[in-house]
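Encoded as structure tokens, the structure appears first; notes follow it.
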Amino acid sequence: MLVSQNRSNSLAHSVYLRIKAMIHNRELAPGERLIERNLAEALEVSRVPVREALLMLRKEGLVFDKPDAGLCVIEVCKNEHDKFLEVLNALDALVMRRVFDNRSPELLAVLQENLIKTRDFIEKQRYTEAYDMCVEFHKLIRNATCSPYLVQLCEQTEFLMTWHLPKEVVVEENFETHQRIYDALADGKRDEFYAVFIEHNEIMAETFGEAAVGASA
């Protein structure tokens with residue numbers, strides 16, 4: 001019985017990841033109605049794991065109940081974007097303090113390696129790989145807080161803010177500032193590290209906000 005339940009949970013999680021990727025890649029468009037039967041057929045599974053996966057996505061905020069339509073993919077709007085930004089700024093204030101205090105040669109080494117790979121991918125216009133490296137940079141920084149719960153909250157909030165953006169936009173806005181964040185951290189300049197981090201959020205907020213307005217127009 002326990003084995004059967006574990007398999008069911010594993011399948012539901014797999015379906016959740018696949019639908020989440022479909023939303024991220026815009027195979028499922030903002031506002032699109034999510035029909036269990038259609039998703040089950042497309043993913044070649046029964047409707048039960050699809051139903052469980054949609055509940056997980058609903059808890060994350062990626063799908064919502066729309067009157068007279070049922071579950072739909074989240075629609076980007078300026079109001080929601082501003083709420084996510086407010087939460088992310090509060091979380092990153094904690095991140096900045098903890099990361100600076102926990103900086104180490106090991107952390108600097110992996111951040112530098114990340115930046116080298118990101119630059120290489122950008123030069124080759126391989127934006128998907130460059131985007132993945134930018135996401136990894138954020139994760140490396142936040143992991144240095146030694147707080148898995150804080151990392152999870154940041155990642156979920158940031159994903160809700162950025163999933164709708166073209167990858168090249170995220171990459172171009174992130175890379176230069178990531179380099180400056182690394183330099184300030186490596187040089188042990190706390191005030192500069194904080195300032196660049198805040199500036200980074202402000203730049204990204206403007207970019208995300210413009211995209212949110214455009215998407216909801």
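Hydrogens, waters and symmetry mates play no part in the numbers below; they use all other heavy atoms, side chains included.
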From N89 CG over to M96 CE, what is the distance, rounded to the nearest 0.5 angstrom? 8.0 Å
Measuring from I198:CD1 to D92:CG, what's the distance to the nearest 0.5 Å? 10.0 Å
Taking the side chain as every heavy atom from C-beta outward, state whether L94 and T145 have any pair of such atoms under 4.5 Å apart. no
Parallel, tilted or perpendicular, as decided by the 30° and 60° cut-offs, for the rings of Y194 and F100: perpendicular
R190 vs D101, test: side-chain contact (heavy atoms from CB on, under 4.5 Å). Steps then yes/no. CA-CA 9 Å; R190 182 187 296 268; D101 291 340; 3.1 Å; yes
Should Y16 and L28 be regarded as members of a common hydrophobic cluster, given that ILVMFWY residues are connected when their side-chain heavy atoms come within less than 4.5 Å of each other, either directly or indirectly? yes
Test item: side-chain donor near acceptor, H178 and N114, under 3.5 Å: no
For a side-chain contact (heavy atoms from CB on, under 4.5 Å) check, start with the C-alpha distance between E199 and I181, then their side-chain angles and the critical distance, and finish with the verdict. CA-CA 10 Å; E199 179 186 336; I181 287 173; over 6 Å; no
Do H138 and N174 have side chains that approach each other closer than 4.5 Å (heavy atoms only, starting at C-beta)? yes
With a sphere of 6.0 Å drawn around CD of E41, does it hold more than 12 non-hydrogen atoms of other residues, nucleotides or ligands? yes
Nearest heavy atoms of K66 and G31, plus distance in Å: NZ-O, 4.5 Å
Within a reach of under 6.0 Å around CZ of R103, are more than 12 heavy atoms found that belong to other residues, nucleotides or ligands? yes
Between the side chain of R33 and the main-chain N/O of A69, is any donor-acceptor distance below 3.5 Å? yes
For M56 and H13, the nearest pair of non-hydrogen atoms, with its separation, is CE-N, 4.1 Å
Are V135 and I116 connected in the hydrophobic side-chain network, where two residues link if heavy atoms are under 4.5 Å apart? no
Are Q179 and R119 close enough, and set up right, to give a side-chain contact (heavy atoms from CB on, under 4.5 Å), and what steps lead you there? CA-CA 10 Å; Q179 182 66 61; R119 182 186 296 109; 3.4 Å; yes
So do D132 and E136 actually touch side chain to side chain, heavy atoms under 4.5 Å? no
So F193 and F197, would you call those rings parallel, tilted or perpendicular, with 30° and 60° as cut-offs? perpendicular
Whether the side chain of E52 engages the backbone of P49 through a donor-acceptor N/O pair (distance < 3.5 Å, no angle test) should be reported. no
Residues D183, K189: salt bridge by 4.0 Å N-O rule: no
If you group Ile, Leu, Val, Met, Phe, Trp and Tyr by side-chain heavy-atom gaps below 4.5 Å, do L71 and F64 land in one group? no
Linking I/L/V/M/F/W/Y whenever any side-chain heavy atoms sit under 4.5 Å apart, do L185 and L115 land together? yes
Group every Ile, Leu, Val, Met, Phe, Trp and Tyr by side-chain heavy-atom contacts under 4.5 Å, then state whether L11 and L17 land in the same group. yes
Got a second to check how far L150's CG is from R142's CZ, nearest 0.5 Å? 8.0 Å
Can you tell me how far CG of L140 sits from OH of Y182, rounded to the nearest 0.5 angstrom? 12.5 Å
Could you go through the side-chain contact (heavy atoms from CB on, under 4.5 Å) check for F121 and V171 one step at a time? CA-CA 10 Å; F121 286 137; V171 168; over 6 Å; no
Less than 4.5 Å apart, any side-chain heavy atom of I23 and any of V63? yes
Got R98 and S147 here, is their nearest side-chain heavy-atom distance under 4.5 Å? yes
Does some side-chain heavy atom of C154 sit less than 4.5 Å from a side-chain heavy atom of V95? yes
Are side-chain heavy atoms of L57 and I19 found at a separation under 4.5 Å? yes
NZ (K139) and CD (E155) are apart, to the nearest 0.5 Å, by 5.0 Å
When M133 is tested against each of R126, E113, K117 for side-chain contact (heavy atoms from CB on, under 4.5 Å), which residue passes? K117
Any side-chain heavy-atom pair from L107 and N102 closer than 4.5 angstrom? no
Atom CG of L39 and atom CE of M22: how far apart are they, to the nearest 0.5 Å? 6.0 Å
Shortest non-hydrogen contact from A130 to I122? CB-CG1, 3.9 Å
